[in-house]
Amino acid sequence: MAVSALDVHAIRKDFPIYDAHADRPFVFLDTAASSQKPRAVIDAMTTYYETTHANVHRGVYAIAEEATARYEGARARIGRFVNASSEREILFSKNVTESLNLVAQSWGRANLRAGDAVVLTEMEHHANIVPWLMLKEQLGIELRYVGLTADGRLDLSNLDELLDGAKAFSFTASSNVLGTLNPVRALADRAHDAGAIAIVDAAQFVPHARTDVQATGADLFGWTGHKMLGPTGVGVLWGGEELLDAMPPFLGGGDMIRDVRLDGFLPNELPWKFEAGTPPIAEVIGLGVACDELERYGLDNIRAHEKRVTGYAIRTLTERFGDDLTIHGPLDVESRSGVLSFAFKGLHAHDISQVLDEAGVCVRAGHHCAKPLMRRLGVGATARASFYVYNDEADVDALADALQRCGDFFGL
Ligand SMILES: Cc1ncc(COP(=O)(O)O)c(C=O)c1O
């Protein structure tokens with residue numbers, strides 16, 4: 001078993017929310033929806049607002065230049081965090097949903113025609129389905145889906161067939177419901193062998209493990225800031241410079257142009273070509289500091305820690321509840337993340353979540369923005385616990401105790 005070097009008690013001191021709830025039980029198990037924020041990120045954003053706020057790329061006075069330097073400095077920082085070869089490859093959006101819409105509308109409209117195929121998987125979040133369904137309505141493209149195995153992995157048995165003639169393969173690096181970690185490099189290679197580009201939704205991956213975008217083999221790779229200790233309101237899209245250069249702008253307006261006349265415009269160069277209007281300046285600065293914090297904890301330590309806590313959760317829940325509890329997705333921690341969706345005693349996930357809340361245990365209940373996957377699993381909703389740097393085995397015990405009470409409460 002990997003040894004985790006994270007000191008959870010010390011880490012919790014970095015997160016003011018634990019202090020704010022110190023007088024009652026507070027077991028936050030919903031990082032997959034959004035992580036908590038460390039003091040360092042909150043302070044960086046406050047300091048920016050208090051000392052150097054001005055719009056970026058415009059003013060020539062001192063604080064405007066300082067704001068631009070901090071914003072562009074954070075871009076370089078975030079680029080280093082995922083090993084981008086240049087900050088020109090790092091585009092800011094408001095979340096990964098917008099990053100994937102950018103891909104569909106910019107790359108898709110420029111490269112796809114009626115009848116062209118795009119391959120997705122049945123475990124995608126709506127953010128990686130709906131933009132393509134919209135393109136299907138707009139252009140008449142064909143969508144094909146990689147199915148799932150009984151234990152919640154991708155069924156790759158007919159991938160060659162699905163990729164045959166396809167123009168793009170867009171898939172999640174890690175499922176927000178099943179926890180499944182997909183073999184990104186191998187899938188990207190398969191896409192390329194078939195002549196398709198590889199697009200990765202890494203919302204549930206980048207916060208939890210060391211990421212090297214170049215090593216993934218992906219062409220376009222998006223994620224979201226608020227699940228990795230950063231603020232809400234900022235997402236990222238990474239892409240190789242050549243591909244991004246060839247893609248037309250997505251949104252039009254200020255900042256994304258070099259020149260505008262009454263009858264046309266000249267787009268700006270990368271990365272600003274894709275950043276129309278005033279960007280999320282404080283949020284990008286906060287996200288840069290989130291990268292510092294994650295590296296201070298150590299991405300390998302984070303992965304090892306999550307494997308340990310997740311393994312403990314699987315063993316504990318299985319031992320305590322046996323057949324009364326079903327965990328969706330693979331059960332071995334090597335091929336899953338710290339996202340744990342489950343069904344319990346036939347109860348509705350919302351009832352579970354509500355009773356758990358009375359014990360201060362915060363879990364997500366619902367379809368997790370993955371309705372096609374819910375249909376595939378034959379359920380309307382699941383309860384989902386997810387673990388991060390501030391969770392430990394005591395949180396798992398609190399979850400199990402609260403589940404026990406939940407069963408008692410409903411007389412089951
Ligand atoms: C796999 C996956 N993709 C996309 C998203 C959408 O993230 P956002 O709402 O930040 O755009 C999520 C968030 O739940 C997710 O888990």
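Residues take their numbers from the sequence shown, with the count starting at 1. Note that ligands are numbered from 1 as they come in the structure, with each ligand's atoms numbered from 1 the same way.
Checked against a 6.0 Å centroid threshold, the rings of F342 and F344 do not count as neighbours.
Classification of the H57-Y71 ring pair by plane angle, with boundaries at 30° and 60°, yields perpendicular. Between F15 and Y18, the ring planes lie perpendicular to each other; the angle is over 60°, past the 30° to 60° tilted range. Under the 30°/60° scheme for interplanar angles, the aromatic rings of F169 and F171 are found to be tilted.
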Which pairs of N or O atoms, one from ligand 1 and one from the protein, are separated by less than 3.5 Å, and what is the distance for each pair?
residue	atom	partner	partner atom	Å
ligand 1	3 (N)	D201	OD1	3.3
ligand 1	3 (N)	D201	OD2	2.6
ligand 1	10 (O)	T224	OG1	2.7
ligand 1	10 (O)	H226	NE2	2.7
ligand 1	11 (O)	V96	N	3.4
ligand 1	11 (O)	T97	N	2.9
ligand 1	11 (O)	T97	OG1	2.5
ligand 1	14 (O)	H125	NE2	3.3
ligand 1	14 (O)	K227	NZ	2.7
ligand 1	16 (O)	Q204	NE2	2.7

Open item on the list: Test ring pair (Phe, Tyr, Trp, His ring centres under 6.0 Å) on H328 and H368; report intermediate values, then the result.
Closed with: CA-CA 13 Å; H328 298 290; H368 313 295; 9.4 Å; no
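Around the CD atom of E241, the shell of radius 6.0 Å holds more than 12 heavy atoms that belong to other residues, nucleotides or ligands.
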